[in-house]
Amino acid sequence: MTERRDHLLSSVHVQRAAGDPRRGWLSAGGWTVPVALGRGGILANKREGDGGTPRGIYHPLRLWWRADRHQRPKTFLPTRPIRLDDAWCEDPADRHYNQPIRLGAEQAGDRLTRADHLYDFIVEIDHNAAPRVAGRGSAVFLHLARPNFAPTAGCVSMTKASMLRLLRRMSPRTRIVIG
């Protein structure tokens, strides 16, 4: 018999917490966990650098994970191990804006291999993806939270245990409703 926890999630909802626009709650499949939001709270009109978490309905595109630190987690999402040269383009003037890029050892950029553990698991979502509009925000992910749930630059972050639980039931058809 298939139990409720074994079903794929049709939707995940992220709401701000009362009293602090930089904290929130993620609800999915009958469970709710705390999350950190962007330092600008949830914004309907997301702009590059505003620190806002974009309001809207999104879908997960793929899971990026640090294979040098963790085994591949169970998920129905397409997966990609993070390599040393993987980065994300956050320059609105660049033709690769809001897309993964590869950087040489001497190049600067938003590398996905971080010394901390925030990007050990990254769920890439389709915010500002099709079409990509320069300046409308880039690198909005679901990723791991800092120990004190400090605000993000616009992402939704959570504990490792919550992320792994979410990944087990998330698919490319799961709707991520923010706001």
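Hydrogens, waters and symmetry mates play no part in the numbers below; they use all other heavy atoms, side chains included. What you are looking at is a predicted structure, and each value in this text was computed from that prediction instead of being measured.
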- Message: So for atom CZ, which belongs to Arg173, do other residues, nucleotides or ligands contribute more than 12 heavy atoms lying within a distance under 6.0 Å?
- Response: no
- Message: Give me the atom names and distance for the closest heavy-atom approach of Arg39 to Ala153.
- Response: NH1-CA, 3.5 Å
- Message: Less than 4.5 Å apart, side chain to side chain, heavy atoms only: is that true for Val12 and Met170?
- Response: yes
- Report, as yes or no, whether the 6.0 Å neighbourhood of atom CZ on Arg95 holds more than 12 heavy atoms from other residues, nucleotides or ligands. no
- Task: Any chance you could measure Thr75, atom OG1, to Leu167, atom CG, to the nearest 0.5 Å?
- Result: 5.0 Å
- Query: Hey, does Arg111 have a side-chain heavy atom less than 4.5 Å from the side chain of Asp86?
  - Reply: no
- Message: So, taking the atom named CD1 in Ile122 and the one named CZ in Arg66, what distance separates them when rounded to the nearest 0.5 Å?
- Response: 9.5 Å
- How close do Gly52 and Leu43 get, heavy atom to heavy atom, and via which atoms? CA-CD1, 3.6 Å
- Heavy-atom side-chain contact between Phe141 and Val123 under 4.5 Å: no
- State the CD-CG distance between Gln15 and Leu37, to the nearest 0.5 angstrom. 10.0 Å
- What residue among Lys160, Arg69, His143 forms side-chain hydrogen bond (donor to acceptor under 3.5 Å, both in side chains) with Asp120? Arg69
- Applying side chain to side chain donor-acceptor pair (under 3.5 Å) to Arg102 and not counting sequence neighbours gives Asp85
- Task: Find out whether Tyr58 and Val177 are in side-chain contact, i.e. whether some heavy atom of one side chain is under 4.5 Å from a heavy atom of the other.
- Result: no
- Message: Could you measure the distance from the CG atom of Asp110 to the CG atom of Asp91? Nearest 0.5 Å is fine.
- Response: 12.0 Å
- Query: What is the minimum heavy-atom distance between Pro81 and Ala67, and which atoms define it?
  - Reply: CB-CB, 3.9 Å
- Item | Aromatic contact, His70 with Phe121 (centres under 6.0 Å) | yes
- Task: Answer yes or no: are there more than 12 heavy-atom neighbours, outside Arg16 itself, under 6.0 Å from its atom CZ?
- Result: yes
- For Asn98 and Arg132, work out which heavy atoms get closest and say how close. O-CD, 3.9 Å
- Item | Which atom of Gly38 lies closest to which atom of Pro151, heavy atoms considered | C-CB, 4.1 Å
- Task: For the residue pair Gln99 and Cys89, establish whether any side-chain heavy-atom pair is separated by less than 4.5 Å.
- Result: no
- Task: Taking the side chain as every heavy atom from C-beta outward, state whether Arg23 and Val35 have any pair of such atoms under 4.5 Å apart.
- Result: no
- Closest non-hydrogen atoms of Thr113 and Ile82, given as atom of the first, atom of the second and distance, are CG2-CG2, 3.6 Å
- Message: I want to check something: taking the side chain as every heavy atom from C-beta on, are Glu90 and Glu48 in contact at a cut-off of under 4.5 Å?
- Response: yes
- Message: Side chains of Asn45 and Arg136 only: does a donor on one sit below 3.5 Å from an acceptor on the other?
- Response: yes
- Message: Count I, L, V, M, F, W, Y as connected when their side-chain heavy atoms are under 4.5 Å apart, and connections chain through other members. Are Leu112 and Met163 then in the same cluster?
- Response: no
- Got a second to check how far Arg169's CZ is from Leu9's CG, nearest 0.5 Å? 4.0 Å
- Going by heavy atoms in the side chains, are Ser10 and Thr174 under 4.5 Å from each other? no
- Task: Give a yes/no verdict on a cation-pi contact between Arg114 and Tyr119, requiring under 6.0 Å between NZ or CZ and the six-membered ring centre and an angle within 45° of the axis.
- Result: yes
